[in-house]
Amino acid sequence: MDAMSLQRNKIHPHKYSLWIAMGSITMMFIGFTSAYVVKRAQANWFTFQLPFIFWISTAVILTSSATIQMAVEQFRNRNMQRYKQLITLTAILGVAFAACQWIGFKQMTDMGLPLNGPASVSFIYVIVSVHLLHVLGGVVALLIMFGRAFRTRVRTYSAVPIEVAATYWHFVDGLWIYLLIFLSIAR
């Protein structure tokens, strides 16, 4: 095998680091959902309907996954104008997702379900909040991509940063879908 073949078969260090981080995040949420299942077995478990806005936020984050994937393709095709539009839209959708989550928390409080309420309610706040923090981390990455897209001088056209951001974004999207289904079924 020649040196070029070996180089092509290696994973980029940023992608490798991302996969390690996503594995750690996955383990954390497995711990949260396992604790939820164990705690739910107690006699005083309180059940309630999740706010519908959480389902709306799912449509928002799914749309953002599509827009970031299109942004990756536009970047690879060197269609920078369309890339800029799509990365901007993805960041806006990320903020919209966060706003929907915040509205969901407000609706829960309005329903008499505060953070310091029953354990089942507290679990929702903690699990959704920690996920939301990870989404906001993704929004920060998108804002960095946004800033880079609008720089006048471009040093390199490496697709690795947008690919890493897109992989992470798809990850938090999939994680949200898992959490919403889990929290809807495991009530």
Side-chain angles (χ1 to χ4, degrees), residues 14 17-19 21-33 35-36 48-72 74-75 82-117 120-150 161-187:
H14 294 149
S17 297
L18 175 66
W19 283 98
M22 290 186 313
S24 299
I25 294 166
T26 299
M27 294 302 293
M28 178 178 57
F29 280 98
I30 288 171
F32 283 156
T33 54
Y36 185 96
F48 62 95
Q49 277 299 108
L50 291 174
F52 185 72
I53 192 82
F54 287 158
W55 292 95
I56 293 171
S57 69
T58 304
V60 171
I61 204 165
L62 284 171
T63 302
S64 73
S65 255
T67 60
I68 199 166
Q69 193 58 43
M70 289 186 286
V72 170
Q74 294 305 312
F75 186 92
R82 187 71 179 131
Y83 166 73
K84 290 175 186 179
Q85 293 168 345
L86 289 164
I87 202 71
T88 301
L89 180 56
T90 304
I92 291 168
L93 289 168
V95 171
F97 175 83
C100 287
Q101 300 296 287
W102 190 259
I103 292 167
F105 290 154
K106 174 82 172 87
Q107 289 176 348
M108 286 175 59
T109 302
D110 292 347
M111 294 184 319
L113 303 169
L115 172 61
N116 62 351
S120 58
V121 175
S122 297
F123 265 105
I124 302 296
Y125 279 103
V126 170
I127 291 171
V128 173
S129 293
V130 172
H131 177 264
L132 182 56
L133 287 174
H134 286 88
V135 169
L136 292 174
V139 168
V140 169
L142 290 172
L143 292 173
I144 291 168
M145 302 308 303
F146 174 83
R148 287 182 179 172
F150 286 91
I162 186 60
E163 289 170 352
V164 168
T167 300
Y168 180 76
W169 199 253
H170 294 313
F171 170 73
V172 294
D173 180 358
L175 181 59
W176 172 250
I177 292 168
Y178 160 73
L179 291 172
L180 186 61
I181 291 170
F182 173 83
L183 295 171
S184 295
I185 293 172
R187 292 182 300 109

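As the structure is a computational prediction, the values presented were derived from the model and not from experiment.
For Gln74, the side-chain hydrogen bond (donor to acceptor under 3.5 Å, both in side chains) criterion is met by Asn79, not counting sequence neighbours. The side chain to side chain contact (heavy atoms under 4.5 Å, CB included) search around Phe182 returns Thr33, Tyr36, Val37, Tyr178, Ala186, not counting sequence neighbours. Under the side chain to side chain contact (heavy atoms under 4.5 Å, CB included) criterion, Ala141 pairs with no residue, sequence neighbours left out. Residues forming a side-chain hydrogen bond (donor to acceptor under 3.5 Å, both in side chains) with His170 (at least two apart in sequence, or on another chain): Ser65, Gln69. A search for side-chain hydrogen bond (donor to acceptor under 3.5 Å, both in side chains) contacts involving Thr109 returns Tyr125, not counting sequence neighbours. Applying the side-chain hydrogen bond (donor to acceptor under 3.5 Å, both in side chains) test to Ser120 and every residue at least two apart in sequence or in another chain returns nothing. The side chain to side chain contact (heavy atoms under 4.5 Å, CB included) check on Ser17 picks up nothing, with sequence neighbours excluded. Taking the side chain to side chain contact (heavy atoms under 4.5 Å, CB included) definition, one finds that Leu133 meets it with nothing, sequence neighbours left out.
Screening residues 162-174 for salt bridge (charged side-chain N to carboxylate O under 4.0 Å, His left out), with sequence neighbours left out, gives Lys15-Glu163, Arg76-Glu163. Among pairs with a residue in residues 22-31, none fulfils side-chain hydrogen bond (donor to acceptor under 3.5 Å, both in side chains), at least two apart in sequence or across chains. Legend: salt bridge (charged side-chain N to carboxylate O under 4.0 Å, His left out) pairs involving residues 48-71, not counting sequence neighbours: none detected.
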side-chain contact (heavy atoms from CB on, under 4.5 Å) between Phe54 and Trp176, intermediate numbers included:
CA-CA 10 Å; Phe54 287 158; Trp176 172 250; 4.0 Å; yes

Ignoring hydrogens and angles, write down the donor-acceptor pairs under 3.5 Å from the side chains of residues 96-107, residues two or more places apart or on other chains.
from, atom 1, to, atom 2, distance (Å)
Gln101, NE2, Ser57, OG, 2.7
Lys106, NZ, Asp110, OD1, 2.9
Lys106, NZ, Asp110, OD2, 3.3

